[in-house]
Amino acid sequence: MNRQRALVTGGAGFLGSHLCDALLADGYSVIAVDNLLTGNLSNFDHLRNDSRFEFQQIDINQPFDCGAVDYVFHFACPASPVDYTVHGIATLRVGSIGTFHALDIARKYGAKYFVSSTSECYGDPLQHPQKETYWGNVNPIGPRSVYDESKRFTEAVTMAYHRYYKVDTRIVRIFNTYGPRMQLNDGRVIPNFMKQALRGEDLTVYGDGGQTRSFCYVSDEIEGFLRLSKSAEHFPVNIGNPTEFTILECAKRVLALTGSSSKIRYEALPPDDPKLRCPDITKARTLLGWEPKTDLETGLRLSLDYFRKAAQV
Ligand code: UDP
């Protein structure tokens, strides 16, 4: 029985809260911290009576200490393009100052450390699909740079703590992930399309909808995190679904699944929006024996009840 104590920063967020569930199921006791900038306490409703779970509202950009832990999972960061554009400075702070603080906790207690990075490190990629060895094509001063450069710095400081202080670190590069508990209004494509389809509003396709993304269902993604957390790999590992869709195809899938008669409306493409994105998951397959099991149609179906309820409020 695993009786270790894990700290999850950003624990009230979409991925953070699913990670808390998975760690509890794996036998950890969990302390989740979050400043609730984009996280939501309702993600913990089902954990109220679990004595192995604790939540503290903490802004990790201030020095903090919740006592000894065996594992630090650093997931605090606004993650949707709408959220990180609105909260640009907070995004840069948490990727830099907050990351130092999370790493300092791991160093102080000799804890293992796992950080959420992103496919945005590859920017608007010139290599396709993206391998971990690709250094990316990032605009350092564009509107997405508050997120992209924040996460690239997060990776740099994590590798530095590993190299200089021997902290036992892991870095996951997360590709587009979806499922229950995504905030309906966070602006990401799947919540937007689901909300619009379920409310009978036009689906807003940006640009001509020919840009691609590869969507991973949340339970597959979390399984990848757990496997990586138990591995000895210090360099970044892509975890995502390698099946690629155009955004227009994605809109059509959502319309078919929901049976909605909503129309498609084309709107301007946001600046620096990556044209292609698809993970090369050879490393995760060989190193972790991991690959996603849930295709887009199944994952959307599994998410439908959640989005239906959320869209009614
Ligand atoms: N997108 C869209 N309509 C929307 C929201 C997003 O066409 O209502 C597009 C967006 O321009 C991007 C893709 O869908 O090309 C994925 O956007 P998202 O915000 O989910 O995340 P990203 O992958 O860009 O970080």
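Below, each value reflects all heavy atoms present in this structure, side chains not excepted, and no hydrogens, waters or symmetry copies. All residue numbers in this chain count up from 1 along the given sequence. Whatever order the structure lists ligands and atoms in, that order sets their numbers, starting from 1.
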What atoms of ligand 1 come within less than 4.0 Å of a heavy atom belonging to T204?
-> 2 (C), 3 (N), 4 (C), 7 (O), 8 (O)
Backbone or side chain, does any N or O of L269 fall under 3.5 Å from an N or O of ligand 1?
-> no
State, with a plain yes or no, whether a side-chain heavy atom of V72 is found less than 4.5 Å away from one of F114.
-> no
Under 3.5 Å: N/O of R188 near N/O of ligand 1 = no
Take atom NZ of K195 as the centre, draw a 6.0 Å sphere, and report whether it contains more than 12 heavy atoms from other residues, nucleotides or ligands.
-> yes
Mind telling me whether Y71 and F73 have parallel, tilted or perpendicular rings, with 30° and 60° as the class edges?
-> parallel
Per-atom contacts, ligand 1 versus V205 - under 4.0 Å to a heavy atom | 7 (O)
Relative to ligand 1, is D273 under 4.0 angstrom through side chain, backbone, both or neither, heavy atoms considered?
-> side chain
Output the list of atoms in ligand 1 that are nearer than 4.0 Å to some heavy atom of G187, sorted by atom number.
-> 5 (C), 19 (O)
Could you walk me through whether N176 and R277 pass the side chain to side chain donor-acceptor pair (under 3.5 Å) check?
-> CA-CA 9 Å; N176 295 67; R277 183 182 294 153; 2.8 Å; yes
Identify, by atom number and element, the atoms of ligand 1 in contact range of E120, meaning under 4.0 Å from any of its heavy atoms.
-> 25 (O)
Considering only the protein, which heavy-atom contact is closest to atom 18 (P) of ligand 1, and what is its distance?
-> V189 N, 3.8 Å
Please verify whether a non-hydrogen atom of Q196 lies at under 4.0 Å from ligand 1.
-> no
Does the side chain of D220 come under 3.5 Å of the side chain of T294 through a donor N or O and an acceptor N or O?
-> yes
Where on Q211 is there a heavy atom closer than 4.0 Å to ligand 1, on the side chain, on the backbone, on both, or on neither?
-> side chain
Using a strict cut-off of 4.0 Å, indicate which atoms of ligand 1 neighbour a heavy atom of R144.
-> 22 (P), 24 (O), 25 (O)
Backbone, side chain, both or neither: what part of E267 comes under 4.0 angstrom of ligand 1, heavy atoms only?
-> neither
State, with a plain yes or no, whether a side-chain heavy atom of R213 is found less than 4.5 Å away from one of V189.
-> no
For atom 1 (N) of ligand 1, closest protein heavy-atom neighbour | Y206 CD1, 3.4 Å
Hey, is CZ on R227 packed in by over 12 heavy atoms from elsewhere, all under 6.0 Å?
-> yes
Ligand 1-proximal atoms of I247, by part, heavy-atom distance under 4.0 Å = side chain
Check whether more than 12 heavy atoms from other residues, nucleotides or ligands sit under 6.0 Å from atom CZ of F235, and answer yes or no.
-> no
Grab the two heavy atoms, one from V237 and one from E233, that are nearest each other, plus how far apart they are.
-> CG2-CG, 3.8 Å
In this structure, which one of M159, K112, R107 forms a side chain to side chain contact (heavy atoms under 4.5 Å, CB included) with V167?
-> R107
Crowded around E297 CD? As in, over 12 foreign heavy atoms under 6.0 Å?
-> no
Is the closest heavy atom of S80 to ligand 1 under 4.0 Å?
-> no
Please identify which atoms of ligand 1 are closer than 4.0 Å to at least one heavy atom of N192.
-> 4 (C), 5 (C), 8 (O)
Numbering the atoms of ligand 1 from 1, which are under 4.0 Å from a heavy atom of N176?
-> 21 (O), 22 (P), 23 (O)
Of all protein heavy atoms, the one nearest atom 23 (O) of ligand 1 is R213 NE, 2.6 Å
